[in-house]
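Every chain is numbered from 1, with letters handed out A, B, ... down the list of sequences. As the structure is a prediction and not an experimental result, all values here were calculated from the model.
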Protein chains: 2
Amino acid sequence: MVEVRDLARHTGEEVTVGGWVDQLRVHGKVAFVVVRDGTGYVQCVAVKQELEEETWEAATGLTQETSVMVRGEVRAEPRAPGGYELQLRRLQVVGTSPEYPIQPKEHGVEFLLDHRHLWLRSSQQRAGLRVRAEVEQAIHDFFYQRGFVRLDTPILTGSIGEHAGTLFSTDYFGQNAYLAQTGQLYVEAGCPAFRKVYCFGPTFRAEKSKTRRHLTEFWMVEPEMAFVDSEGNMRLQEELVTYLVERALERCRPELEYLGRDLSKLEAVKPPFPRISYTEAIELLARKGSETRWGDDIGGADETLLSEDSHLPLFVYNYPKKVKAFYMKENPDDPRTVLCDDLLAPEGYGEIIGGSQREDDLDKLLARIREEGLPEEAYGWYLDLRRYGTFPHSGFGLGLERTVAWITGRKHVRELIPFPRLLNRLYP
Amino acid sequence: MVEVRDLARHTGEEVTVGGWVDQLRVHGKVAFVVVRDGTGYVQCVAVKQELEEETWEAATGLTQETSVMVRGEVRAEPRAPGGYELQLRRLQVVGTSPEYPIQPKEHGVEFLLDHRHLWLRSSQQRAGLRVRAEVEQAIHDFFYQRGFVRLDTPILTGSIGEHAGTLFSTDYFGQNAYLAQTGQLYVEAGCPAFRKVYCFGPTFRAEKSKTRRHLTEFWMVEPEMAFVDSEGNMRLQEELVTYLVERALERCRPELEYLGRDLSKLEAVKPPFPRISYTEAIELLARKGSETRWGDDIGGADETLLSEDSHLPLFVYNYPKKVKAFYMKENPDDPRTVLCDDLLAPEGYGEIIGGSQREDDLDKLLARIREEGLPEEAYGWYLDLRRYGTFPHSGFGLGLERTVAWITGRKHVRELIPFPRLLNRLYP
């Protein structure tokens with residue numbers, strides 16, 4: 001059996017292709033069957049007078065998503081999708097497909113999400129998910145090439161995380177375990193072993209958010225670097241985001257074009273990215289009519305306002321301590337704030353990265369844990385990292401689905417993960 | 001700041017290194033401070049008469065795991081660990097480390113697991129985890145180079161899995177969700193979209209096993225291929241395992257040597273791997289004195305018996321239907337059995353892969369789901385894959401920690417994952 005992507009190498013040969021029927025057009029005594037095999041599309045030309053009657057009957061009765069094995073000669077044909085045709089000789093129906101639920105018409109989104117296991121086969125969804133897969137490989141390549149050691153962090157954890165109240169819990173042989181919101185605290189422990197480490201895996205937030213930017217289960221890459229400050233942290237973020245965009249442009253151009261992405265906007269993504277402090281951001285928001293005041297968090301609507309004018313991702317740095325997580329390092333120049341940054345994607349996509357230098361002072365960290373009312377005993381091991389050879393370190397988390405939504409120009413993050421988990425959406 | 005791995009490029013220059021104190025030896029007026037920076041070790045030579053008194057005092061008072069910044073001139077020194085020395089000029093203590101818990105002596109395993117966040121810094125643990133990271137990158141490279149599309153599968157699922165009874169559950173906004181035991185059923189849905197797909201992520205088993213081969217949370221890579229049978233499936237397994245061993249040999253030789261691995265055993269791992277049927281395996285076990293009879297599952301002790309004589313991984317194929325998962329395809333030549341394989345690592349390491357051709361017949365699959373008493377409605381979407389263009393397909397799951405335990409020659413899988421989750425072990 002030959003894959004459609006390799007047909008060019010078999011011109012003039014008779015080959016077999018296995019796949020699914022995408023389209024059938026019958027014009028009198030000639031029929032065109034377009035077969036998708038997962039690597040591409042090939043048009044099979046069936047000519048009635050060249051075929052046994054039952055093959056002709058079978059070919060002209062094919063329904064959408066029927067799985068078939070087709071055999072025929074490969075011919076170059078510039079007008080055919082993919083550039084090659086198969087002159088049909090034999091046809092075997094592998095699996096019928098009566099009344100395939102997803103028809104070439106508009107379906108409601110809940111219907112499509114209910115049929116996500118089939119919706120995956122449609123062109124737009126495949127294009128988006130292929131970009132996701134490329135970005136994932138690019139993430140691993142980026143860190144591997146720079147000498148980071150991958151360090152997988154646990155999903156099942158004691159009561160430790162960024163914030164209380166948005167944790168999924170499970171019974172763990174009589175104890176309570178919680179699904180990790182972040183791997184960061186664990187990768188910090190990896191720094192004294194490997195200096196530069198990262199984790200990449202699913203994370204969980206039991207938030208009742210119903211926005212187009214939220215999933216309850218999403219993927220995040222979290223690098224952590226010893227002896228790197230907030231400034232160096234932002235530089236790595238620029239490099240990573242630029243690299244991911246370049247890889248998508250280089251290796252997923254057909255998918256991005258299919259999705260109608262404005263490639264010039266992606267091609268403009270080069271470092272350095274503009275940087276404004278939180279205080280400057282608040283001033284800018286005031287001029288744009290936002291009611292957000294110094295001390296408030298910057299929400300999704302504000303992020304859109306801040307990033308709408310920019311062709312480049314925008315750093316907003318040094319937020320007030322009160323709106324950020326307990327582990328961020330106090331800013332020595334303004335102790336009301338912490339040494340952190342959010343990176344906002346352009347075109348209104350909002351936050352794709354949150355990063356910070358970490359609090360490396362044992363007493364200050366302990367004070368913050370107590371202020372937030374976090375369970376101190378669960379953080380004992382985390383505090384040990386400050387007891388035994390504490391060190392300046394920084395890192396960040398990049399949300400995969402938001403990043404891919406921006407790169408592909410799709411509005412909803414739910415399309416950029418194979419099986420989205422949303423409020424009330426656990427199936428399929 | 002310079003990384004130790006790059007010191008060779010800075011011979012003769014004065015550089016700063018940041019890291020943790022591994023060893024201190026004082027010989028009269030000369031002291032040797034070995035610093036680990038996560039990329040390597042460097043010996044710093046402190047000569048009393050060349051230093052200010054307080055620097056000498058600080059250097060000779062350093063305790064294990066104190067974090068420091070050391071400045072000095074780089075000199076080639078073949079006798080020094082790593083081949084380079086630093087002639088110490090300046091020393092800054094970044095973080096003290098009084099009474100570091102892990103001393104250069106024997107500690108009990110429970111003590112070490114309680115201090116896993118610090119134990120990660122020790123040489124053996126770093127060597128094993130670095131091999132793990134290399135094998136992970138090799139997994140991604142292997143599938144990427146072969147045109148597989150990565151398809152991340154959900155952790156939070158409805159009541160779907162391989163077996164009931166070993167699932168962790170959580171409240172999902174009023175519904176019950178279960179942590180996935182496998183991504184396989186979901187990657188099957190990806191085949192009609194991308195033909196060859198794989199997932200790689202954490203999986204969960206709420207098993208009360210206390211063996212050296214079990215974790216409650218472990219990582220598994222699961223490829224799935226459309227229009228590939230059990231035979232082609234085993235060929236891919238051979239290729240993958242061979243590639244992973246080659247990559248470890250090529251890029252982690254120092255780590256494997258440090259761990260005392262017999263490299264000749266790894267170098268012998270070349271396809272084809274020997275194959276015996278389940279029936280032959282039972283006969284062989286009988287000759288070796290096992291009481292296991294035809295129809296029984298082959299347990300860990302039996303796997304060790306089967307694989308102890310072999311220098312190559314060993315396939316055992318076509319097990320009885322009753323001991324295998326419901327989704328495996330009935331063997332047309334012997335319907336008591338299914339088209340499946342287990343791959344047993346040599347040297348007694350046991351199963352590292354379980355694979356099978358999948359049941360693509362809707363009626364047979366439905367009958368198996370009913371026989372096993374699985375909740376039929378939860379499998380509706382999975383059955384759809386047989387309703388709409390069903391297709392022959394095969395895949396497998398390779399357990400990461402078991403594979404890395406074998407490659408590194410370590411006895412316990414718990415050392416090959418950064419933060420192992422075991423029965424009663426949820427901390428750190």
Side-chain angles (χ1 to χ4, degrees), chain A residues 1 18 20 37-39 65-67 94-95 97 100 117-118 120-121 126 130 133 136-137 140 144 149-156 158 168-170 172-173 175 177 186 189-195 201-202 217 219 226-227 381 384-385 388-391 417-419 421 423-424 426-428, chain B residues 1 18 20 37-39 65-67 94-95 97 100 117-118 120-121 126 130 133 136-137 140 144 149-156 158 168-170 172-173 175 177 186 189-195 201-202 217 219 226-227 381 384-385 388-391 417-419 421 423-424 426-428:
Chain A
M1 194 171 296
W20 293 264
D37 85 334
T39 74
E65 291 302 320
T66 299
S67 52
V94 177
S97 175
Y100 185 68
H117 53 295
L118 303 175
L120 293 176
R121 305 181 186 187
R126 281 187 291 118
R130 192 179 276 277
E136 292 185 288
Q137 183 69 25
H140 289 299
Y144 184 76
V149 174
R150 179 171 175 175
L151 193 89
D152 299 308
T153 56
I155 303 296
L156 293 167
F168 291 108
S169 71
T170 186
Y172 190 82
F173 307 110
Q175 293 180 71
Y186 289 96
C191 281
F194 299 115
R195 191 169 197 90
E217 177 177 345
W219 283 63
F227 293 98
W381 68 264
D384 274 357
L385 305 180
Y388 305 109
T390 191
F391 53 102
I417 186 166
F419 294 92
R421 294 299 179 241
L423 198 60
N424 303 325
L426 198 52
Y427 179 96
Chain B
M1 195 173 291
W20 294 263
D37 86 334
T39 74
E65 292 302 320
T66 298
S67 52
V94 177
S97 176
Y100 186 68
H117 53 294
L118 303 175
L120 293 176
R121 305 181 185 187
R126 281 188 290 119
R130 192 178 275 276
E136 291 185 289
Q137 183 70 25
H140 288 299
Y144 184 77
V149 174
R150 180 171 174 175
L151 193 89
D152 299 308
T153 56
I155 303 297
L156 292 167
F168 290 108
S169 72
T170 186
Y172 190 81
F173 307 110
Q175 293 180 71
Y186 289 95
C191 282
F194 299 116
R195 192 170 197 92
E217 177 176 345
W219 283 63
F227 294 99
W381 68 265
D384 274 358
L385 306 179
Y388 304 109
T390 191
F391 53 101
I417 186 166
F419 293 92
R421 294 299 178 240
L423 198 60
N424 304 325
L426 196 53
Y427 180 97

Between B:Arg126, B:Arg130, B:His117, B:Gln175, which has the largest tally of heavy atom pairs under 4.5 Å with chain A?
B:His117
Determine the minimum heavy-atom distance between A:Val94 and B:Phe227, stating which atoms define it.
CG2-CE2, 4.3 Å
What residues form a side-chain contact (heavy atoms from CB on, under 4.5 Å) with A:Thr66, not counting sequence neighbours?
A:Val21, A:Leu62, A:Thr63, A:Val68, A:Val93, A:Ser97
If I measure from the heavy atoms of chain A, does B:Ala177 come under 4.5 Å with its side chain, its backbone, both, or neither?
both
Locate the shortest heavy-atom distance separating B:Tyr172 from A:Leu423; write the atom from each residue and the value.
OH-N, 4.3 Å
Donor-acceptor pair, side chain of B:Tyr100 and main chain of A:Gly389, under 3.5 angstrom:
no
Top residue by heavy-atom pair count (under 4.5 Å) with chain A, among B:Ala226, B:Gly95, B:Cys191, B:Pro192?
B:Pro192
Partner set under side-chain hydrogen bond (donor to acceptor under 3.5 Å, both in side chains) for B:Thr39, not counting sequence neighbours
B:Asp37
Counting only heavy atoms closer than 4.5 Å, note whether A:Pro202 contacts chain B via side chain, backbone, both or neither.
side chain
Sidechain-backbone polar pair: B:Thr170 side chain, A:Thr170 backbone, donor-acceptor under 3.5 Å
no
Which pair of heavy atoms, one from B:Ala133 and one from A:Val149, lies closest together, and at what distance?
CB-CG1, 3.8 Å
Grab the two heavy atoms, one from A:Asp384 and one from B:Leu118, that are nearest each other, plus how far apart they are.
OD2-CD1, 4.3 Å
Checking heavy atoms, do the side chain of B:Phe391, its backbone, both or neither come under 4.5 Å from chain A?
both
pair A:His140-B:Tyr144: side-chain heavy atoms closer than 4.5 Å
no
How are the rings of A:Tyr186 and B:Phe419 set to each other: parallel, tilted or perpendicular (split at 30° and 60°)?
perpendicular
Picking from B:Glu65, B:Met1, B:Arg421, which has the most non-hydrogen pairs under 4.5 angstrom with chain A?
B:Arg421
A side-chain contact here means heavy atoms from C-beta on lying under 4.5 Å apart; do B:Ile417 and A:Asp152 qualify?
no
Look only at the side chain of B:Glu217 and the backbone of A:Leu156, and say whether a donor-acceptor pair between them is shorter than 3.5 Å.
yes
Is the centre of the A:Trp20 ring less than 6.0 Å from the centre of the B:Tyr388 ring?
no
